Amino acid sequence: MESEQLTRSSQRWANAALAALSEGPDRYDFAVHHAGVAAEHLLKAYLCGIHPLLIVEGKHFDSFLHVVGRGARAKTPITKAKTIGLMEAFVRAHQLLPGKIPIDRNGFEPLADARNGVAHSSVCEGEQALSVFAICLRVIDPLLTELEIDAAKYWGPYQELHDKLVGDRVKAARVRLEALRARARAVFRQRFSHLTDKETVAVLATITNREPRADCDDYEPKPCPACVAEGWVGGEVGYEEYEGDLHRVLTPSRFDCYACDFEADGEEFQELKDLTGQIFSEADAEDFWTPDDEVPGSMVGR
């Protein structure tokens, strides 16, 4: 369970995945499977670099014993040590790298599902393979930066193919985003073009006052990139210490506007550069305890 070993393994699987992809549709199943393994091993390399315990299956005590140097007390050999799966590795790394990996759990699930689908039933379609690679690259590239790994060395002879895949996905995401904007602007015109400016302001005040969707940790109001109304940027909440103070951090992953029905998440949302930055606010005790709890000892007397 060494970070360097997992990194080398990830590189081999990534190169094998791109090699299979370059051979055409008949090898897409191999490409998807290998891409999933490459992502899993690099996620674990990052976690293991912090501490090997971070990749151990929580309920397998013998695995813990091997990691902490007490393998002689284990009932099973280290070759049978149990580690977390692909999805859990992503969840843990994503939490430790807020804002660094540009997709959330929902955006990552297609990669995990596709890898498992190939492994268990050999099912893989062409468009699915390309989508899986887009997700894989969006996870691996920031991890290479975080681990200070030379991307050119990691991708080796497939660097050019990697760059083309990234470029194609970015272009496709931008086209989809502009289509979403155009549709939203048409909806806005249909709803408000017959109203006066004063009536529009009044109606917008009512519409934008609605509670945001409940499938994100939190939301913050932001101007809509498709119309003149105010919408909601939502995402996951974490906490960071800066200069001795604890800050609450919202890492955005989607945008919703009720005035024009504009919605963007995944790759389309990442193209909205003005909305993707983390939002910091001061954290307080209410973020960590409720009135029914005892006041944390560290807060008493402050």
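Note that the numbering runs from 1 along the sequence shown for the chain. Keep in mind that the numbers below use all heavy atoms, side chains included, and drop hydrogens, waters and symmetry copies. Bear in mind the structure is a predicted one, so any value in this text is a computation, not a measurement.
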* If you measure from CZ on F133 to CG on L21, what distance do you get to the nearest 0.5 Å? -> 4.5 Å

* Which is it for L47 and I84 under the side chain to side chain contact (heavy atoms under 4.5 Å, CB included) test, yes or no, and what are the steps along the way? -> CA-CA 11 Å; L47 294 171; I84 56 177; 4.1 Å; yes

* Interatomic spacing from CD1 in I279 to NE2 in H247 - rounded to 0.5 Å -> 15.0 Å

* Aromatic ring proximity Y158/H162, centre distance under 6.0 Å -> no

* Asked: So, are R27 and D29 salt-bridged, with charged N and O less than 4.0 Å apart?
  -> no

* So with a 6.0 Å cut-off around NZ of K164, is the heavy-atom count from everything else above 12? -> no

* Does the side chain to side chain donor-acceptor pair (under 3.5 Å) test come out yes or no for H194 and E199, once each step is laid out? -> CA-CA 10 Å; H194 64 287; E199 290 172 333; over 6 Å; no

* Determine yes or no for a side-chain-to-main-chain donor-acceptor pair under 3.5 angstrom, with T200 supplying the side chain and T196 the backbone. => yes

* V203 side chain reached by F192 side chain, heavy atoms, under 4.5 Å -> yes

* Nearest atoms (heavy-atom pairs only) where H41 meets S9 -> ND1-OG, 2.7 Å

* **Backbone of A19 reached by a side-chain donor or acceptor of S22 within 3.5 Å** => yes

* To do: Output yes when E267 and R174 qualify as a salt bridge under the 4.0 Å nitrogen-oxygen rule, no when they do not.
  => no

* **Nearest-0.5 Å distance that lies between atom SG in C257 and atom CD in E230** => 9.5 Å

* To do: Hey, could you give me the CD/CG distance between E160 and L18, rounded to the nearest 0.5 Å?
  => 12.0 Å

* Asked: Under 30°, 30 to 60°, or over 60°: which ring-plane class applies to H34 and F30, parallel, tilted or perpendicular?
  -> perpendicular

* **Atom CD of Q159: over 12 foreign heavy atoms under 6.0 Å** => yes

* Could you tell me whether the side chain of L96 reaches within less than 4.5 Å of the side chain of L54, counting heavy atoms only? => yes

* Asked: Say you draw a straight line from CG of L6 to CD of Q11; how long is it, rounded to the nearest 0.5 Å?
  -> 13.0 Å

* **Approximate separation, where rounding is to 0.5 Å, of I135 CD1 and I140 CD1** => 12.0 Å

* To do: Ignoring hydrogens and angles, tell me if any N or O in the side chain of H94 forms a donor-acceptor pair with the backbone of I103 under 3.5 Å.
  => yes

* Structure fact -> Of all heavy-atom pairs linking A184 and A226, the shortest is CB-CB, 3.8 Å

* Asked: Between E236 and Q95, does a side chain to side chain contact (heavy atoms under 4.5 Å, CB included) hold up when you go through it step by step?
  -> CA-CA 9 Å; E236 297 181 347; Q95 181 173 337; over 6 Å; no

* Can you name the closest pair of heavy atoms from V233 and P252 and give their distance? -> CG2-CB, 3.3 Å

* Co-membership, hydrophobic cluster, residues L143 and V37, 4.5 Å side-chain -> no

* Ion pair present between D261 and R183, side-chain N to carboxylate O less than 4.0 angstrom? -> no

* ILVMFWY cluster, L111 and L97 together (side-chain gap under 4.5 Å) -> yes

* To do: Before giving the answer on side chain to side chain contact (heavy atoms under 4.5 Å, CB included), spell out for R138 and I101 the whole-Å C-alpha distance, their side-chain angles and the decisive distance to 0.1 Å.
  => CA-CA 7 Å; R138 297 181 73 196; I101 301 176; over 6 Å; no

* Asked: Among side-chain atoms of Y154 and S10, is any donor-acceptor pair under 3.5 angstrom?
  -> yes

* How far apart are the closest heavy atoms of C48 and I55, and which atoms are they? -> N-CG2, 4.1 Å

* Close side-chain approach of D163 and W155, heavy atoms under 4.5 Å -> no

* Could you tell me whether the side chain of R248 and the main chain of F280 form a donor-acceptor pair under 3.5 Å? => no

* To do: Apply the side chain to side chain contact (heavy atoms under 4.5 Å, CB included) test between Q270 and each candidate in T276, D265, V170; give the one that qualifies.
  => T276

* Side chains of L43 and L86: does their closest heavy-atom pair fall under 4.5 Å? -> yes

* Would you kindly confirm whether F90 and L147 end up in one hydrophobic cluster when ILVMFWY residues are joined by side chain heavy atoms under 4.5 Å apart? => yes

* Asked: So do D217 and L250 actually touch side chain to side chain, heavy atoms under 4.5 Å?
  -> no

* Using a strict 4.0 Å threshold on nitrogen-to-oxygen distance, state whether K222 and D256 make a salt bridge. => no

* Show your reasoning for whether salt bridge (charged side-chain N to carboxylate O under 4.0 Å, His left out) applies to K44 and E40. => CA-CA 6 Å; K44 289 181 176 178; E40 179 175 345; 2.8 Å; yes

* Should V228 and V187 be counted in the same cluster of Ile, Leu, Val, Met, Phe, Trp and Tyr side chains packed under 4.5 Å apart? -> no

* To do: List the steps, then state whether side chain to side chain contact (heavy atoms under 4.5 Å, CB included) holds for R169 with S131.
  => CA-CA 9 Å; R169 295 304 298 183; S131 296; 4.1 Å; yes

* **Validation row: Y258, E263 side chains within 4.5 angstrom (heavy atoms)** => no

* Check whether the side chains of T251 and Q278 place a donor and an acceptor atom closer than 3.5 Å, and report yes or no. => yes

* Structure fact -> Here the pair of heavy atoms bringing A45 nearest to T7 is CB-OG1, 3.4 Å

* Structure fact -> Nearest heavy-atom contact between F188 and C227 is CD1-CB, 3.7 Å

* To do: For atom CD of E178, decide whether the heavy atoms of other residues, nucleotides or ligands shown that lie under 6.0 angstrom number more than 12.
  => yes

* **V175-L272 co-clustered via ILVMFWY side chain contacts under 4.5 Å** => no

* To do: May I ask you to decide whether R92 forms a salt bridge with E88, counting only side-chain N to carboxylate O separations under 4.0 Å?
  => yes

* **D150 atom CG, over 12 foreign heavy atoms within 6.0 Å** => yes

* Asked: So F262 and F255, would you call those rings parallel, tilted or perpendicular, with 30° and 60° as cut-offs?
  -> tilted

* Side chain K100, main chain A93, donor-acceptor under 3.5 Å -> no

* If we only count heavy atoms from C-beta on, is the R181 to P225 side-chain gap below 4.5 Å? -> yes

* Asked: So, does R191 use its side chain to make a donor-acceptor pair with the main chain of A259 at under 3.5 Å?
  -> yes

* Asked: Does the side chain of F108 come within less than 4.5 Å of M87's, by heavy atoms?
  -> yes

* For D62 and K75, indicate whether the former's side chain and the latter's backbone hold a donor-acceptor pair under 3.5 Å. => yes

